Amino acid sequence: MQLEGAVAVVTGAASGIGRSLARALALEAGGVVVVADIDGAGAEAVAAEIATEAGPDGRAGFAAGFAAGIDVTDEDAVVALIEQVESSLGPIELWCGNAGISHLGGVERPDDEWNRVWDVNVMAHVIACRHLVPRWVERGSGHLLVTASAAGLLTNLGTASYAVTKHAAVGLAEWIAITHGDDGVRVSCLCPQGVRTTMTENEGAVAVDQVRALGLMEPEDVAAVTLEALRQDRFLILPHPEVATYEARRAGDRQRWLDGMRRMQRRLLGS
């Protein structure tokens, strides 16, 4: 896709990958970027940071954007944001569904935790697409970026809800790409492995130890890889290319892969 001048919304943009995506789209690609996050003050801070770096004669595109405090699971709020963006900035050409959360633990965790992770990691994409895809089909163009995870192609030790919902996010992205690809709707699915964000700061958690053992990437590097993939209209974005090898091994011999994951878990747990 053509990123320069494109109207883009980035959710979960107050920190981590979302912040780096918003910065890269505005400062490097020259997009018109809306910085959205449930942390409204954090979104405002990122917007101000980008505007300052752009300067009065810098990327004029960002100056036309704005920050928005929004809960991506609130359908009325999402619709209101879409309407606000399209009435003030023009048609949304790129929606980066980047907001995501995680809770440690397995099936023993309470329903409210499971439901919240499901709502943020899966239903937020459903809600956004419910209102964006018909517009994109009518216009014949539009691009959805779903930030999933390598956990959505493989798994994540120690956090069942995260692994399950990220698989669902990948499945949804694939379904939209197949169903609406001939209508001009493009879909990209970002599946990084370990990234240095607040999610990877939980010392002693096996879910964090797993990705740290495999190596952490900086969010700025993830954003750079993502921009290049968006320009190429690539579906699967793998900032850690080795994930493709792991996925192939998983598909080729599932039993061997499961045995290997159990060995990794035992090693990380010291048992």
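Here the structure is a predicted model, which means the values were calculated and not measured.
You'll find the side chain of R256 stays beyond 4.5 Å of the side chain of R249, heavy atoms only. Side-chain contact between P239 and L190: present, with at least one pair of heavy atoms (C-beta onward) separated by less than 4.5 Å. With a 4.5 Å cut-off on side-chain heavy atoms, T226 and I17 do not count as touching. Looking at L27 and E53, their side chains come closer than 4.5 Å, going by heavy atoms from C-beta outward. In this structure, L227 and L25 have side chains that are in contact, with non-hydrogen atoms separated by less than 4.5 Å. Residues L144 and C129 form a side-chain contact, since some pair of their non-hydrogen atoms from C-beta on lies under 4.5 Å apart. Counting heavy atoms from C-beta outward, I176 and V146 have side chains that stay 4.5 Å or more apart.
No option in V32, I82, V85, I70 other than V85 meets the side chain to side chain contact (heavy atoms under 4.5 Å, CB included) test with V9.
With sequence neighbours excluded, the residues forming a side chain to side chain donor-acceptor pair (under 3.5 Å) with N98 are T147, listed by chain and number. Residues passing the side-chain contact (heavy atoms from CB on, under 4.5 Å) test with E247, sequence neighbours excluded: L153, L154, L236. For D71, the side-chain contact (heavy atoms from CB on, under 4.5 Å) test picks out I38, T73, D74, R116, with sequence neighbours left out. Partners of E75 according to the salt bridge (Lys or Arg N to Asp or Glu O under 4.0 Å) rule, which considers only residues two or more places apart in sequence or in another chain, are R130. Annotation: side-chain contact (heavy atoms from CB on, under 4.5 Å) contacts of A124 (sequence neighbours excluded): V72. In terms of the salt bridge (Lys or Arg N to Asp or Glu O under 4.0 Å) criterion, residue partners of E49 (sequence neighbours excluded) are, by chain and number, R19, R23. Residues passing the salt bridge (Lys or Arg N to Asp or Glu O under 4.0 Å) test with E86 are R135, R139, sequence neighbours excluded. Annotation: side chain to side chain donor-acceptor pair (under 3.5 Å) contacts of S161 (sequence neighbours excluded): none. In this structure A160 satisfies the side-chain contact (heavy atoms from CB on, under 4.5 Å) test together with W114, sequence neighbours excluded. Under the rule for a side chain to side chain donor-acceptor pair (under 3.5 Å), the partners of S188 that lie at least two apart in sequence or sit in another chain are H143.
Taking each heavy atom of T159 and S102 in turn, the nearest pair found is OG1-OG, 3.3 Å. Scanning all heavy atoms of the two residues, the minimum distance from A128 to W95 falls at CB-NE1, 3.6 Å. Annotation for N121 and Y162: closest pair ND2-CD1, 4.0 Å, computed over non-hydrogen atoms. Of all heavy-atom pairs spanning V46 and A13, the tightest one is CG2-O, 3.6 Å. What you find for A150 and V243 is that their closest heavy atoms are CB-CG2, 4.0 Å. When all heavy atoms are compared, the tightest approach of E93 to A6 is OE2-CA, 3.3 Å.
Taken from CE in M264 to CG in L157, the straight-line distance is 7.0 Å, to the nearest 0.5 Å. The CG atom of L81 sits 9.5 Å away from atom OG1 of T11, with the distance rounded to the nearest 0.5 Å. Rounding to the nearest 0.5 angstrom, the gap separating the CG atom in L172 from the OG1 atom in T165 is 12.0 Å. Rounding to the nearest 0.5 Å gives a distance of 12.0 Å between OH of Y246 and CG of L238. We find the CG-CD distance between L94 and Q2 to be 12.0 Å, quoted to the nearest 0.5 Å.
Within the structure, salt bridge (charged side-chain N to carboxylate O under 4.0 Å, His left out) pairs that include any residue of residues 175-187 do not occur (at least two apart or interchain).
When hydrophobic clusters are built by joining Ile, Leu, Val, Met, Phe, Trp and Tyr residues whose side-chain heavy atoms come closer than 4.5 Å, directly or via intermediates, V79 is not grouped with L89. With hydrophobic clusters built from ILVMFWY side chains whose heavy atoms lie under 4.5 angstrom apart, V164 does not share a cluster with V122.
Shown here is E220, whose CD atom has more than 12 heavy atoms of other residues, nucleotides or ligands within 6.0 Å. At most 12 heavy atoms of other shown residues, nucleotides or ligands fall within 6.0 angstrom of atom CD in E4. Heavy atoms of other residues, nucleotides or ligands lying less than 6.0 angstrom from CH2 of W118 number 12 at most.
At least one donor-acceptor pair under 3.5 Å links the side chain of W136 to the backbone N or O of I92. Although no hydrogens or angles enter the test, the distance criterion places no donor-acceptor pair under 3.5 Å between the side chain of H125 and the main chain of A173.
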Begin from the C-alpha positions of S149 and N156 and carry the test side chain to side chain contact (heavy atoms under 4.5 Å, CB included) through to its verdict.
-> CA-CA 9 Å; S149 167; N156 200 168; 5.6 Å; no
Show every donor-acceptor pair shorter than 3.5 Å between a side-chain atom in residues 103-110 and any protein atom, with sequence neighbours excluded, or say none if there are none.
unit_1, atom_1, unit_2, atom_2, d
E108, OE1, G106, N, 3.2
E108, OE2, G106, N, 3.0
R109, NE, E113, OE1, 2.9
R109, NH2, E113, OE2, 2.7

